[in-house]
Amino acid sequence: MYIQELTLQNYRNYEQLQLSFEDKVNVIIGENAQGKTNLMEAIYVLAMAKSHRTSNDRELINWDSEYGKIKGKLQKQHSSLALELIISKKGKKAKLNHLEQSRLSQYIGEMNVVMFAPEDLNLVKGSPQVRRRFIDMELGQIAPVYLYELSQYQKVLTQRNHLLKSMHEETPKNEAMLDIFTIQLIEHGVNILKKRFEFLHLLQEWAAPIHRGISRGLEELKIVYKPSIDVSESTDLSKMKEVYYENFQSIKKREMFRGTTLIGPHRDDLHFFVNDKNVQVFGSQGQQRTTALSLKLAEIELIHSEVKEYPILLLDDVLSELDDYRQSHLLNTIQGKVQTFVTTTSVEGIEHETLKKAKTIRVTNGTVNS
Ligand SMILES: Nc1ncnc2c1ncn2[C@@H]1O[C@H](COP(=O)(O)OP(=O)(O)OP(=O)(O)O)[C@@H](O)[C@H]1O
Ligand SMILES: [Mg+2]
């Protein structure tokens, strides 16, 4: 799939912008703070209804405006699609072919994107939260039902935490109510867990050979999901529920004391191993970077195998971060099959043939000359 046209209205530092793109590579050139990342972000937000760099949607609206709008025309193999996202201070509205969608989970997934930005190094180095967010965003765009489960889980989790907090102070304790929330939490929790196991299994299958390629055969990448309870990919759903329930029983007192839910998918993590060593702990900067890159390239292939279309690739500020070998590896991999956006501060950064042939878009202070 590729995005043909993009229109922005009061999005970050763009008051009005209309652009058309090449279906192969588009290079966005501009000095610092001119709006390159904002443009990449707009494409990402159009697809995901969420930014990759902030969870506060208000930041996306131009400072002097009440609302912001992103519109795009997407070309798929057998159809085209008009997407529209309106962000106001009250919330978001999403439209597909001019029809407003009642749930964002119905909207997300129609347009697929993979973003690779310097922050993605945090995937390996950062907190578990970064890795959970990665799973949620990526799985969400190929499995809308996952997003639904996640929002249901979040709702129960908030209620349960609220109750636990109040139980910390009150006696007698409403344990019957706690039990109801626990059971609801487990119901959604196991569905999330199952999906995450499946997703990471597939991701691992794609990522390992890619990582081997980038490391010239020297490194073997393994991705391991670390749940907060003792279950594995092969544990069946009813057994998972049982294990959750037993665990919740045994930590009940501690949860009441702490006033929060201590186990569940919101506490899980993901580990990466290179040649059986944990990259987060022992990996060099280069190995961590290669791991992040392998994951992103694996995502492209995974999305392709699931939705039968290649996603749109957004490379913000990363080409200059990669050495020549990895840069060529990346560009050769995507060449011709993936619509790609690349940002750079100067044309000097563009040496590879793929980039020389690309469409260039020059950004200056929220305006564009292509
Ligand atoms: N909501 C907003 N309204 C108006 N302007 C904004 C808003 N949010 C950010 N900006 C401005 O947008 C400008 C461009 O930011 P952006 O991150 O896109 O720059 P960039 O071209 O990617 O720069 P760099 O090369 O440093 O990465 C910044 O100067 C920032 O102050
Ligand atoms: Mg930037």
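One-based numbering, in listed order, for ligands and for the atoms of each.
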key: Atom indices of ligand 1 within 4.0 angstrom of E31 heavy atoms, with elements   = 21 (O)

key: Numbering as shown, the atoms of ligand 1 that approach D317 to under 4.0 Å (heavy-atom distance)   = 27 (O)

message = Consider salt bridge (charged side-chain N to carboxylate O under 4.0 Å, His left out). Of R131, R133, K296, which one does D120 pass it with?
response = K296

Name the closest protein heavy atom to [atom], giving the residue it belongs to and the distance to 0.1 Å.
atom                    : answer
atom 23 (O) of ligand 1 : A33 N, 2.7 Å
atom 30 (C) of ligand 1 : W63 CH2, 4.2 Å
atom 16 (P) of ligand 1 : N38 OD1, 3.6 Å
atom 22 (O) of ligand 1 : T37 OG1, 2.7 Å
atom 26 (O) of ligand 1 : N32 ND2, 3.2 Å

inquiry  = Would F282 and V274 count as a side-chain contact (heavy atoms from CB on, under 4.5 Å) here? Give the steps.
reply    = CA-CA 9 Å; F282 301 106; V274 164; over 6 Å; no

Decide, yes or no, whether a salt bridge links [X] with [Y] under the criterion of side-chain N to carboxylate O below 4.0 Å.
X    : Y    : result
E31  : K36  : no
D136 : R196 : yes
R53  : E59  : no

ask   = Under 30°, 30 to 60°, or over 60°: which ring-plane class applies to H266 and Y153, parallel, tilted or perpendicular?
value = tilted

inquiry  = Classify the ring geometry of Y325 against H329: parallel below 30°, tilted from 30° to 60°, perpendicular beyond 60°.
reply    = tilted

task = For the Mg ion (ligand 2), state how many protein N, O or S atoms fall inside a distance shorter than 2.8 Å.
result = 1

request  = Mind checking whether E59 contacts ligand 1 via backbone (N, CA, C, O), side chain (CB onward), both or neither, at a 4.0 Å heavy-atom cut-off?
outcome  = backbone

key: contact_flag G35 ligand 1 heavy-atom lt 4.0 Å   = yes

query = What's the verdict on side-chain contact (heavy atoms from CB on, under 4.5 Å) for F199 and K195, showing C-alpha distance, side-chain angles and the deciding distance?
reply = CA-CA 6 Å; F199 169 71; K195 281 262 175 229; over 6 Å; no

Reference residue I86; test side chain to side chain contact (heavy atoms under 4.5 Å, CB included); the match among K69, E100, K71 = K69

query = Rounded to the nearest 0.5 Å, what separation is found between the OH atom of Y107 and the NZ atom of K92?
reply = 10.5 Å

ask   = Heavy-atom distance to atom 21 (O) of ligand 1: which of R53, K36, M40 wins?
value = K36

request  = Determine, stepwise, if the pair K337 / E301 fulfils salt bridge (charged side-chain N to carboxylate O under 4.0 Å, His left out).
outcome  = CA-CA 11 Å; K337 60 182 186 185; E301 297 301 337; 3.1 Å; yes

